[in-house]
Amino acid sequence: MDGKDNICPICFESFKENRKAYTDVCDHVFCFSCLDKWLKMESCCPIDRKRIRKFISGDEIIKVKSRKRRRSKTLYDVSVFCEICNDSKQNDTVILCDSCDLAYHMVCLDPPLKSVPSGHWYCALCKDVAKRLKGKAKGKAYSRVIH
């Protein structure tokens with residue numbers, strides 16, 4: 001038994017003084033009060049998301065009310081601003097530089113891109129910096145050879 005077996009994965013407190021609760025679908029153990037609160041909002045295990053129909057605490061078996069998961073239409077809200085036009089619209093046509101993570105609309109680039117490039121893509125600023133760094137590195141290597 002490692003130390004994690006004696007700690008509730010929801011509140012991270014020891015089970016010593018807390019009543020334990022077990023689910024009918026997995027081997028996870030929780031504080032009764034933590035699991036009871038969780039199951040008032042969700043009807044799945046907080047760890048592996050399996051649907052719980054009942055949980056057991058001591059000699060008591062408690063049925064869990066089935067709840068539909070509330071899903072929003074938008075899974076995430078990404079509001080990025082194009083570095084060229086400073087607009088946050090048309091986020092489905094935005095690409096991010098793989099070096100600096102700045103955002104650019106594909107149509108705002110010069111020349112505009114018709115599709116998302118495969119592999120890495122770097123903005124003009126990062127390409128310029130990389131070019132200058134390569135030039136300095138070559139210059140130092142060359143000057144070492146001469147001296």
Side-chain angles (χ1 to χ4, degrees), residues 1-138 140-141:
M1 237 176 131
D2 64 10
K4 291 182 181 178
D5 293 336
N6 294 318
I7 296 173
C8 173
I10 297 174
C11 68
F12 300 109
E13 291 187 15
S14 172
F15 289 126
K16 289 179 184 175
E17 297 177 19
N18 296 325
R19 184 175 161 193
K20 290 183 182 180
Y22 307 85
T23 70
D24 63 336
V25 294
C26 59
D27 295 328
H28 300 119
V29 182
F30 306 94
C31 294
F32 173 83
S33 61
C34 290
L35 188 59
D36 189 46
K37 287 175 189 172
W38 173 264
L39 293 173
K40 287 180 181 168
M41 296 180 293
E42 295 285 341
S43 58
C44 60
C45 173
I47 296 174
D48 59 20
R49 301 294 189 201
K50 291 180 182 176
R51 187 174 176 271
I52 298 173
R53 290 180 179 81
K54 58 187 169 188
F55 69 100
I56 301 107
S57 183
D59 294 336
E60 193 176 2
I61 298 174
I62 301 149
K63 287 188 178 185
V64 175
K65 183 179 178 181
S66 180
R67 300 184 190 292
K68 290 183 181 178
R69 285 199 177 167
R70 290 171 256 145
R71 294 189 188 259
S72 63
K73 290 181 183 176
T74 305
L75 294 176
Y76 54 89
D77 180 25
V78 179
S79 295
V80 293
F81 289 84
C82 174
E83 291 297 310
I84 297 170
C85 71
N86 204 27
D87 192 358
S88 67
K89 294 178 182 156
Q90 300 176 355
N91 278 342
D92 57 330
T93 63
V94 168
I95 58 174
L96 302 178
C97 174
D98 285 318
S99 181
C100 66
D101 281 336
L102 293 178
Y104 297 86
H105 287 117
M106 293 190 302
V107 296
C108 292
L109 296 169
D110 187 24
L113 294 177
K114 292 180 181 177
S115 63
V116 176
S118 62
H120 296 289
W121 179 82
Y122 302 99
C123 69
L125 295 171
C126 290
K127 282 181 184 176
D128 186 47
V129 168
K131 193 177 188 180
R132 282 190 268 144
L133 289 173
K134 280 183 182 177
K136 285 184 179 182
K138 284 182 182 178
K140 286 182 182 178

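- By the side chain to side chain contact (heavy atoms under 4.5 Å, CB included) test, Lys54 is found to be paired with Asp24, Ile61, residues two or more places apart in sequence or in another chain being considered.
- Between Thr23 and Leu35, some side-chain heavy-atom pair lies under the 4.5 Å cut-off.
- Considering all non-hydrogen atoms of both residues, Cys108 and Ile84 come closest at O-CD1, 3.3 Å.
- Residue Asp98 comes nearest to Gly119 through the heavy atom pair OD2-O, 4.1 Å, listed as atom of the first residue, atom of the second, then distance.
- Note that SG of Cys123 and CD of Glu83 are 8.0 Å apart. Values are rounded to the nearest 0.5 Å.
- For Ile47, the side chain to side chain contact (heavy atoms under 4.5 Å, CB included) criterion is met by Pro9, His28, Phe30, Cys45, not counting sequence neighbours.
- Of the possible donor and acceptor atoms, none in the side chain of His105 sits under 3.5 Å from a partner among the backbone N and O of Pro112.
- Annotation: side chain of Arg49 is in contact with side chain of Cys44 (closest heavy-atom distance under 4.5 Å).
- Residues in residues 39-58 take part in these ring pair (Phe, Tyr, Trp, His ring centres under 6.0 Å) pairs, two or more places apart or across chains: Phe32-Phe55.
- In this structure, the side chain to side chain contact (heavy atoms under 4.5 Å, CB included) partners of Ser99, at least two apart in sequence or on a different chain, are Cys97, Tyr122, Cys126.
- In this structure, OG on Ser43 lies 5.5 Å from CZ on Arg51, to the nearest 0.5 angstrom.
- Residue pairs meeting the salt bridge (charged side-chain N to carboxylate O under 4.0 Å, His left out) criterion with at least one member in residues 101-129, sequence neighbours excluded: Asp128-Arg132.
- Summarising the geometry, atom CD1 belonging to Ile52 is positioned 11.5 Å from atom CD1 belonging to Ile62; distances are rounded to the nearest 0.5 Å.
- For Arg19, the side-chain hydrogen bond (donor to acceptor under 3.5 Å, both in side chains) partners are Ser57, Glu60, not counting sequence neighbours.
- Every side chain to side chain contact (heavy atoms under 4.5 Å, CB included) that Leu113 has, sequence neighbours left out, goes to Ile95, Met106, Leu109, Pro117, Trp121.
- Judged as a salt bridge (Lys or Arg N to Asp or Glu O under 4.0 Å), and not counting sequence neighbours, the contacts of Asp36 are Lys40.
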Would Leu125 and Val129 count as a side-chain contact (heavy atoms from CB on, under 4.5 Å) if you check the C-alpha gap in whole Å, the side-chain angles of each, and the deciding distance to 0.1 Å? CA-CA 6 Å; Leu125 295 171; Val129 168; 5.7 Å; no
